[in-house]
Amino acid sequence: MRKNRVNKGFCLILSMLLAATVLGCSTSEKTEISSDSAISEESTENVSDSDGEVSDVSETSDVSDAEKESEEVIVLKEGFAKNNPGCRIGCAATFDELSDPKVFDIVTTHFDCVTFGNELKPDCLFGYSNSNCPGIEEGEVDGQVIEVPKMSFKRAENMLEKLYKWNEANPDNKVMVRGHVLVWHSQTPEWFFHEGYNKRNPYVDKDTMNLRLEWYIKTVLTHFTGPDSKYKDMFYGWDVVNEAVSDNTGSYRTDAENPNEMLERNTHNNNSSWWKVYGSNEYIINAFKYANKYAPESLELYYNDYNECNIKKQNGIVELLSAVKAEEGDPGVGTRINAMGMQGHYGMEDPNYTAVQWAIETYSAVGVDVQITEMDMTASSDYDGTEEAKIDEYEKQRKRYNLLNFAIQSAKSEPGVNFTGLTFWGTVDQYSWLQSRSDVGGGNKSGLPCVPLLFDENYEPKPCFYVFAGE
Ligand code: GLA
């Protein structure tokens, strides 16, 4: 394998020179965008439609509105499928985004799957009661009755109901759902790790946390994908663990990633209370064991992370994936992991497209499928957010997405690579998380508006849309 990869490195350099010639791309590198964001639903829901005049790319053409109306709509998922058979193309949408009829139309027209931006995360499922446990009731797990926090499924169910009705009425045009995410250091209330579910009490021990972890995974997966769930056939996969590898060390994320982040905060952005309780990857292995125990066999199970092309972190992710795979057993026994989710929060130049190709091949070599799960793009460092600059920025973005698609297609042509999904983190630019400065790493660093996605503020496809629409 090592020898083969040396030849491959030579090939990659050649393809890089070829691509640089053909596509006029920049090959300089910048640090990747950290996406360790823990934007609670409130802040995400504060997004407001852009009510400013937005020059739409199509307005520069001489196509009249009437002609535009009559123009055949190029359907992204149909074009994408021609070059990517068996690969899903999706987007993320929050409760508010899916309540916008124009976004709902984009989701159901152009994508075959959707990831709920916040509504299946622990903080939402605990009713955003982040400072105090929302109430305690009895729960049953592993033959034991334990005290468990009250859960609230209504926001996710509201979104699922909308898509359920669409799927029922459009059986040939269904939109499937990716569950996101069971175990994460962020957007998980701190009280969940303490005795009595009160963060002023000591942390619980590993045995207690294992019962809570199993109960949580059992409850969520059974509620949504269990035999009695109306929505059970809508889910194709679930992110079991998110962002458990450290950007600092390249090993597992600990409770000391950011010394300035107090562990007693209501929720965390960098430090992991999972690690605080376990001090090892035991919670990760157990999360995949419990998910395998309670998930239908048809539901795929994933690990998901960002800065996935950074070599130091990539080695840590490979270690994690290998450790989970090593515990795989018969159906329902041991762990099960189907794919690595590369989040794909990229900059205009970094990571280099060859690093993306390399990462897809590296994770595939562990023996899992690979997906890009949260793709978007921060703006050029010199983009000033003005209308005049937008057309150039759209063209830079088109070229950059073209290179990234080139990397995906190149990796897919390698033996042993099974690339099964490409999901964008949003639909229309104005709702992107990158429009707001999150209070953690990642998010909008410039304070200027970004244009990260495939559709503009007028809900119209941008030039980069056509890269993936196979045009
Ligand atoms: C991370 C999480 C996502 C989302 C993004 C930013 O990548 O996995 O759920 O919070 O940050 O919006």
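Numbers for residues simply follow the sequence, beginning at 1. Both counts, for ligands and for their atoms, begin at 1 and track the order of listing.
Checked by distance only, ligand 1 and Asn118 stay at 3.5 Å or farther apart across all their nitrogen or oxygen atoms. Ligand 1 has an N or O atom lying under 3.5 Å from an N or O atom of Gln343, backbone or side chain. Any N or O atom pair closer than 3.5 Å counts here, and Lys121 shares at least one such pair with ligand 1.
Atoms of ligand 1 lying under 4.0 Å from at least one heavy atom of Asn242, given by number and element, are 2 (C), 8 (O). Atoms of ligand 1 found under 4.0 Å from any heavy atom of His345 (numbered from 1 in listed order, with element): 7 (O). Heavy-atom proximity to Trp433, at under 4.0 Å, picks out these atoms of ligand 1: 6 (C), 12 (O).
With 3.5 Å as the limit, one finds no donor-acceptor pair spanning the side chains of Tyr231 and Glu157.
A salt bridge links Lys230 with Glu161: the distance from a Lys NZ or Arg NE/NH1/NH2 to an Asp or Glu carboxylate oxygen falls below 4.0 Å.
Here Asn170 pairs with Trp166, Asn173 under the side chain to side chain contact (heavy atoms under 4.5 Å, CB included) rule; sequence neighbours left out. Scored by the side chain to side chain contact (heavy atoms under 4.5 Å, CB included) test, Thr423 finds Cys113, Thr115, Tyr236 as partners (sequence neighbours excluded).
Only one option out of Glu327, Glu328, Glu214 pairs with Lys289 in a salt bridge (charged side-chain N to carboxylate O under 4.0 Å, His left out); it is Glu327.
Residue contacts with ligand 1, taken as heavy atom pairs separated by less than 4.0 Å, involve Trp425 solely via side-chain atoms from C-beta onward.
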